Amino acid sequence: MSDKEIRVRFAPSPTGYLHIGGLRTALYNYLFAKNKKGKFILRIEDTDRNRYVEGAVDNLLSTLNWAGLQADEGPKSSGDYGPYLQSERLDIYNEHIKKLIVDGKAYYCFCTQERLTELREKQKKEVIQTKYDKHCLHLTEDEIIQKLNDKTPNVIRLNIEPNKEIFFNDIIRGEVTFSSDTIDDQVLIKSDGFPTYHFANVVDDHLMKITHVIRGEEWISSTPKHVLLYDYFNWERPQFAHLPLLLNPDKSKLSKRQGDVAVEDYMQKGYLKDALINFIALLGWNAGDDKEYYTMDELINAFSLERVNKAGAIFNLDKLDWLNAEHLRSTPNDKILIMLKDEISKSNYSNFDCTDEYLLLIIEAMKERVSFVKEYIEKCPYFFEPPIEYDEKVVKKRWKDDSQELLKIFSSRIEQLVNPRKEDYERILKKLCEEKEIGLGRLIHPLRLALSGVGIGPGIFDLIFILGKEESLKRIDKALDQIK
RNA sequence: GGCGCGUUCGUCUAGUGGCUUAGGACGCCGCCCUCUCAAGGCGGAGAUCACGGGUUCAAAUCCCGUACGCGCUACCA
């Protein structure tokens, strides 16, 4: 493998949404390509007309873009090897299948669906492997021409020679061997004239000069068919790397039934793309050290197929939440501001009117306390509206006999302040506690309760400063009135 | 059923024959810090490395077998 340009592809079928497992496959392809200064190509495998979903391609593209996995070549990008939609490449497949037929490597099959089902049932009853019996391979040329002229529905099948050892090398798993006897004469061209995945994928990968086929483990079993096709065409085989599967908690292949599998679901839940990418990158790969937090650039630098695991990984969200918090914490405040404003517009506080400076103060104060942007609202609603009620437990624990008096004095003293800073509140509070010979908590806790209605939150001086003098005075008054 | 792939703490994983009384991370528990909650620091519980044979002075690591799990077994991808 000389200095040839590395070219890999992500080849999803447009089923309506991007599966999280698909995102990981795309990511590994992307990381590998970028690490090798190669190209990442997106090809849409839309050869199954029954599964056509309106708008699926656009959706796929936008989700991939959100995740930061822009294709160097693809349906909406430029590229010299298009079209990148298989449904637009029918002529190409047709031209290539002819060569195979001429060489006897593929053949027409006119068997009806009924005969095929019957055959399969018979084989099942005899408990032998279910596969096509090459019935139509023995048709004479005249018979074939006759049937073709009669427009008898037909498919084209791969002609697999019996009794051959087929092996290929997998970067992740090493050498894998199959006996050709266990491989079916796969349909290459369906009766509607569309190719199957097996045929289209090989033709396209060759024509698009794909050097490495990186895909899910579920393709291992059909790889011998693909490998045979390369050999039949006399084409150089790409390198294969079959990724371990993403699993449900019960270890079955990650599926819709057991939780969210669409990338959009995670977008909607408020996960940061950097966190999601970081998380799925670590599901099946690691650099061999203890590093857990990665940016995309760091992933590109560190990634290698050799260090991808063989065993499937259960998709478990605990770590994702932690990574999201980590990534959110290292996001600059001005970026969080933009996300927070968006979140506010979607919340009950959509009419809340305030300056960016106000939100920035909240962001800074809450930064260590949130894992998601929306928690800047959920965990501290008191920044957006006065407390409606006071946490019963906190009242019981923190509201003492002297709380009323202390708050009254404190309130009257801060009232005198002009444009108070955080330090001014602190000075006054400390002085008052000194005078009364009490610990700071004696005043701090009731004050927090009065201001926020709850017993948890940012530092008290941040809290009072952010709310501001007027608002704080109002809230203290109200609390004095309502908490008994 | 056939074929293929896999199997280290609950989960993600390190480990490529001696450095391993199997390391880290998430989660969980405790302590410290402290105005609360977090964050942070420190510590703890948690894996007879699926099982059984072999090879070797020495095996989680190499070989064989078994079990279990998963994938494929379509004119789906």
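We use all heavy atoms of the structure for the numbers below, so side chains are in, but hydrogens, waters and symmetry mates are not. The sequence lines fix the lettering, A, B, ..., with proteins before strands; numbering per chain opens at 1. In this text, all values refer to a predicted model and were calculated from it rather than measured experimentally.
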Query raised in the report: Base, sugar-phosphate, or nothing for A:Gly459, non-hydrogen atoms under 4.0 angstrom?
Result: base
Query raised in the report: Think A:Lys253 has a side-chain N or O under 4.0 angstrom from the OP1 or OP2 of B:rG69?
Result: no
Report task. Using a strict cut-off of less than 4.0 Å between a Lys/Arg side-chain nitrogen and an Asp/Glu carboxylate oxygen, indicate whether A:Glu364 and A:Lys367 qualify as a salt bridge. Result -> no
Query - C1'-based separation of B:rC63 from B:rU16 [nearest Å] - result: 16 Å
**Report entry** Base partner of B:rA14, which must satisfy Watson-Crick or wobble distances under 3.5 Å
**Finding:** none
Requested in this report: Would you mind classifying the nucleic acid contact of A:Glu292 as base, sugar-phosphate or nothing, using non-hydrogen atoms under 4.0 angstrom?
Outcome: base
Query - Atom pair distance, as rounded to whole Å: CG in A:Asn201 and P in B:rC72 - result: 16 Å
Query raised in the report: Is the gap between the ring centers of A:His212 and A:Phe32 under 6.0 Å?
Result: yes
Query raised in the report: Which part of the nucleic acid does A:Val155 contact within heavy-atom distance under 4.0 Å: base, sugar-phosphate only, or nothing?
Result: base
Query raised in the report: Using atom C1' of each nucleotide, how far apart are B:rC64 and B:rC28 to the nearest Å?
Result: 41 Å
Query raised in the report: Under 4.0 angstrom, heavy atoms only, what part of the nucleic acid is A:Leu245 near: base, sugar-phosphate, or nothing?
Result: sugar-phosphate
Query raised in the report: Ring centroid separation for A:Tyr232 and A:Phe199, is it under 6.0 angstrom?
Result: no
**Report entry** Phosphate OP1/OP2 of B:rA77: any A:Lys190 side-chain N/O under 4.0 Å
**Finding:** yes
Query raised in the report: Under a 4.5 Å cut-off applied to non-hydrogen side-chain atoms, are A:Leu247 and A:Leu254 in contact?
Result: no
Requested in this report: With heavy atoms under 4.0 Å as the rule, sort A:Thr47 into base, sugar-phosphate or nothing.
Outcome: sugar-phosphate
**Report entry** P gap between B:rG24 and B:rC9, integer Å
**Finding:** 16 Å
Query raised in the report: Reckon A:Ile460 touches a base, only the sugar-phosphate, or nothing at all at heavy-atom distances under 4.0 Å?
Result: base
Report task. May I ask you to verify if any side-chain N or O of A:Asn286 is less than 4.0 angstrom from the OP1 or OP2 atom of B:rU13? Result -> no
Query raised in the report: Just checking A:Thr177: base, sugar-phosphate only, or nothing, at a heavy-atom cut-off of under 4.0 Å?
Result: sugar-phosphate
Query raised in the report: Taking the same atom, C1', in B:rC19 and in B:rU61, what whole-Å distance lies between them?
Result: 14 Å
**Report entry** Counter-base of B:rA67, judged by Watson-Crick or G-U geometry with both distances under 3.5 Å
**Finding:** B:rU7
Report task. Check the distance between B:rG6's C1' and A:Ile314's CD1 and give it to me in whole angstrom. Result -> 13 Å
Requested in this report: Find the partner of B:rA45: check Watson-Crick (N1-N3 plus N6-O4 or O6-N4) and G-U wobble (N1-O2, O6-N3) distances, both under 3.5 Å, and reply none if neither fits.
Outcome: none
Report summary line: Between CG of A:Asp289 and P of B:rG15 the distance, given in whole Å, is 10 Å
Report task. Take atom P in B:rG44 and the same atom in B:rC26, then report the distance between them in whole Å. Result -> 15 Å
**Report entry** Gap in Å between the two C1' atoms, one belonging to B:rG2 and one to B:rA25, rounded
**Finding:** 41 Å
Query raised in the report: Base, sugar-phosphate alone, or nothing: which one does A:Pro12 contact when heavy atoms must sit under 4.0 Å apart?
Result: nothing
Requested in this report: Provide the distance between the two C1' atoms, one in B:rG46 and one in B:rG23, to the nearest whole Å.
Outcome: 14 Å
Requested in this report: Classify the nucleic acid contact of A:Arg173 as base, sugar-phosphate or nothing, counting any heavy atom under 4.0 Å across all strands shown.
Outcome: sugar-phosphate
Requested in this report: Using the P atoms only, state how far B:rG65 lies from B:rC5, rounded to an integer number of Å.
Outcome: 13 Å
Query raised in the report: Just checking A:Val454: base, sugar-phosphate only, or nothing, at a heavy-atom cut-off of under 4.0 Å?
Result: nothing
Report task. Could you let me know what B:rC72 is paired to, Watson-Crick or G-U wobble, both distances under 3.5 Å, or none if it's on its own? Result -> B:rG2
Query raised in the report: Across the strands shown, which category fits A:Asn50 at heavy-atom distances under 4.0 angstrom: base, sugar-phosphate, nothing?
Result: nothing
Query raised in the report: Would one find a side-chain N or O of A:Arg115 under 4.0 angstrom from OP1 or OP2 of B:rC75?
Result: no
Query raised in the report: Contact class for A:Phe178 vs. all strands (heavy atom < 4.0 Å): base, sugar-phosphate, or nothing?
Result: sugar-phosphate
Query - Ion pair check, A:Lys147 and A:Asp150, cut-off under 4.0 Å - result: no
Query raised in the report: A:Ser221 near the nucleic acid: base, sugar-phosphate alone, or nothing, with a heavy-atom cut-off under 4.0 Å?
Result: base
Query raised in the report: Looking across every strand, which nucleic acid part, if any, lies under 4.0 Å from A:Thr182 by heavy atom: base, sugar-phosphate, or nothing?
Result: sugar-phosphate
Query raised in the report: Can you find a side chain N or O atom of A:Ser371 that sits less than 4.0 Å from OP1 or OP2 on B:rA38?
Result: no
